[in-house]
Amino acid sequence: MYVRTRFAPSPTGVLHLGGLRTALYNWLYARRHGGEFLLRIEDTDRARSSDENVRTLIEALRSFGLDLDGEPLLQSSRVQRHREVAQELLERGAAYHCYCTPDELAAMRDEQRARGADPRYDGRCRERTAPRDGVKPVIRFRRPDTEEVVVQDWLHGEVRYRNAQLDDLVLLRANGSPTYHLSCVTDDEDMGVRQVIRGDDHLNNTPRQLQLIQALGWTPPEYCHLPLLLAPDGKKLSKRDEATDALHYLRAGYLPDAVLNYLARLGWSHGDQEVFSVSELIDSFGRTGLGASASRLDAGKLNWINQQHMKGADAETLSEGLATQLKRLGLDPGDGPPLHQAVEAWRERAETFADMAQAARWAYSGVIELDERASRKFLRPVVREALAAVRNALSGLEDWAPGAIHACIAETAESQGIGFGKLGQPLRVAVTGGAVSPPIDTTLSLAGRARTLDRLDKALAYIDARIAAADPAAQG
RNA sequence: GUCCCCAUCGUCUAGUGGUUAGGACACCGGCCUUUCACGCCGGCAACAGGGGUUCGAAUCCCCUUGGGGACGCCA
């Protein structure tokens, strides 16, 4: 069967993670089978839609690399066609005019609920032939009288609905605008969508849509209703939470492919494999690995996957990511070591670009802050002499590169009669301000000669101040 | 309330009648090591409960419980 999938969001806000995952599965399935992936913006609710939201949505998909086949279709541009289909249903006797007012319907539901019945339209206008003065009618679908409707779903198999549970849904509002079911079914048909992969919240809509499709004599697509994504606490994802916004992760310094990898594995698996490149995802994605239960978001796992992707990413991608995050910290990526060097030093030491920029602050800033605990522990009077010696040795170093720096530190350590590590930590604290950084030779290399010597001088002054404070008499 | 979906370590999951219930994240040890990280080795940790079916059930059926979704002239 030919594969043509679609993502059909309503542009009511940002693209959230659940939406991105739905889009991803549709995209992967299409790419896997050499089919097409279409985008339809369900913007018929003008009050909640805006051009801004539409642009954001399309841009978000692009940012994650989910390329579209064809132009995005705005559902609002299709109302003429939707009206035609409603008219056709009317002519076939599969729909009728209903003159009930919203107030009457509300009263009907209240009454039904009051006596413990299910709130649903009772079909009171089904046989009406005469118009009603002063009331513009809606067009309602005449639900067929079959016993039950069976939905075929990739994940859930056959899902059966007793027909009596369904009612006559509104197709065209009194103002002439089409409702969701009519638009959705019509557009899927006209777009030639063959696989409808969407959230579980649509499962209960499917029997109604199936009946519509049958009444129109169309061929239903295959259905796949994906389990929902839950917040870490197992509750529904809150749209208020910025962690729900897919673009948030890009801004926070995650690799798009890593986010995709993480999302793909939420509700889908392929043996024991955890880390996938996008092309691996395309090669291995399929309906067989899909799971049926809802899954929770886990930031720890996302971070780990992102780190795995960073380890394997190319230097250029990493450099860009680091530069962006350095700027966010108010630092100048040009005022420090070449980015590709920094990136090699930190690619295995950071989970995100934000982490990386944070860890690299000292290399891109003229001033550093001495961490109090680290300096108290490592910048002690006993190391003053060794530190001064290494400062001297380094100042005369011709080749400011890790190899030469390493040799220089080793020689000094030996002549001072202390271990390499005993000299390394004070050096690290002096140059970076903290006790954690890449290997000390790499660290000094990244800091550059000028900053290294300057910071060593400041560290020596710091130690002198300590000595003076401990023994005021020695000052004279 | 009615209908629908779901249910394996804390989390993501493998498992489709016979396994010491596997892997990954997190966590805890150890190794590596000039700090950190990476890497490697090891540990902790699960079939929601109750009935069936069967020689045998995490796997099949039913009930309960729990979680989620849907019941609009929203999408």
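Within every chain, numbering begins at 1; the chains are lettered A, B, ... in the order of the sequence lines, protein sequences first and strands thereafter.
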Interatomic distance at [atom1], [N] relative to [M], whole Å:
| N | M | atom1 | answer |
| --- | --- | --- | --- |
| B:rG23 | B:rA45 | P | 14 Å |
| B:rG51 | B:rU65 | C1' | 14 Å |
| B:rU8 | B:rC4 | C1' | 24 Å |
| B:rU11 | B:rG52 | P | 30 Å |
| B:rC47 | B:rG15 | C1' | 11 Å |
| B:rC60 | B:rG66 | C1' | 22 Å |
| B:rU53 | B:rC62 | C1' | 11 Å |
| B:rA58 | B:rA7 | C1' | 11 Å |

Between [X] and [Y]: side-chain donor-acceptor atoms closer than 3.5 Å:
| X | Y | answer |
| --- | --- | --- |
| A:His309 | A:Tyr262 | no |
| A:Asn175 | A:Ser177 | yes |
| A:Arg428 | A:Gln425 | yes |

Using a 4.0 Å heavy-atom cut-off across all strands, classify [X] as base, sugar-phosphate, or nothing.
| X | result |
| --- | --- |
| A:Gln308 | sugar-phosphate |
| A:Pro227 | nothing |
| A:Tyr262 | nothing |
| A:Gly419 | nothing |
| A:Val138 | base |
| A:Asn303 | nothing |
| A:Pro438 | base |
| A:Ser293 | sugar-phosphate |
| A:Cys100 | base |
| A:Arg296 | sugar-phosphate |

With a 4.0 Å limit, can you tell me whether [X] has a side-chain N or O closer than that to the phosphate oxygens OP1/OP2 of [N]?
| X | N | result |
| --- | --- | --- |
| A:Ser295 | B:rU13 | yes |
| A:Gln209 | B:rA75 | no |
| A:His156 | B:rC4 | no |
| A:Arg160 | B:rC4 | no |
| A:Thr44 | B:rA75 | yes |
| A:Lys236 | B:rG69 | yes |
| A:Lys311 | B:rG39 | yes |
| A:Arg208 | B:rC4 | no |
| A:Ser269 | B:rA14 | yes |

| message | Tell me whether the side-chain N or O atoms of A:Arg349 pair up with the base of B:rC36 as donor and acceptor below 3.5 Å, since no angle test is needed here. | response | yes

| task | Go through the N and O atoms of the side chain of A:Glu348 and the base of B:rG39, and report whether any donor-acceptor pair is under 3.5 Å. | result | no

| Under 30°, 30 to 60°, or over 60°: which ring-plane class applies to A:Tyr254 and A:Tyr249, parallel, tilted or perpendicular? | perpendicular

| Centroid-centroid under 6.0 Å between A:Phe420 and A:His406 rings | yes

Between [options], which one does the side chain of [X] approach most closely?
| X | options | value |
| --- | --- | --- |
| A:Trp304 | B:rA24, B:rU35, B:rG69 | B:rA24 |
| A:Val436 | B:rC36, B:rG68, B:rA24 | B:rC36 |
| A:Asn204 | B:rU34, B:rA70, B:rA37 | B:rA70 |
| A:Ile440 | B:rG23, B:rG1, B:rU34 | B:rU34 |
| A:Ala292 | B:rA37, B:rC6, B:rA24 | B:rC6 |

| message | Under 3.5 Å for both donor-acceptor distances, Watson-Crick or wobble: does B:rA75 have a partner, and if so which one? | response | none

Whole-Å gap separating [atom2] ([N]) and [atom1] ([X]):
| X | N | atom1 | atom2 | answer |
| --- | --- | --- | --- | --- |
| A:Gln165 | B:rC4 | CD | C1' | 8 Å |
| A:Arg109 | B:rC71 | CZ | P | 11 Å |
| A:Asp298 | B:rG10 | CG | C1' | 9 Å |
| A:Lys422 | B:rU35 | NZ | C1' | 12 Å |
| A:Leu226 | B:rC6 | CG | P | 13 Å |
| A:Asp103 | B:rG72 | CG | P | 16 Å |
| A:Leu203 | B:rC71 | CG | P | 12 Å |
| A:Asn163 | B:rC3 | CG | C1' | 13 Å |

| Any Lys/Arg nitrogen of A:Asp233 or A:Arg296 sitting under 4.0 Å from an Asp/Glu carboxylate oxygen of the other? | no

| Under 4.0 Å between a Lys/Arg side-chain N and an Asp/Glu carboxylate O for A:Arg361 and A:Glu369? | no

| Among A:Asn205, A:Asp200, A:Thr206, whose side-chain hydrogen bond (donor to acceptor under 3.5 Å, both in side chains) with A:His225 holds? | A:Thr206

| said: Please compare A:His406 and A:Ser177 by the position of their nearest nucleotide in RNA chain B and report the one closer to 5'. | reply: A:His406

| field | Along RNA chain B (nearest heavy atom to each residue), the more 5'-positioned of A:Gln425 and A:Glu351 | value | A:Glu351

| task | Check the pair A:Asp167 / A:Arg140 against salt bridge (charged side-chain N to carboxylate O under 4.0 Å, His left out), numbers first and verdict last. | result | CA-CA 10 Å; A:Asp167 62 359; A:Arg140 274 188 195 274; 5.7 Å; no

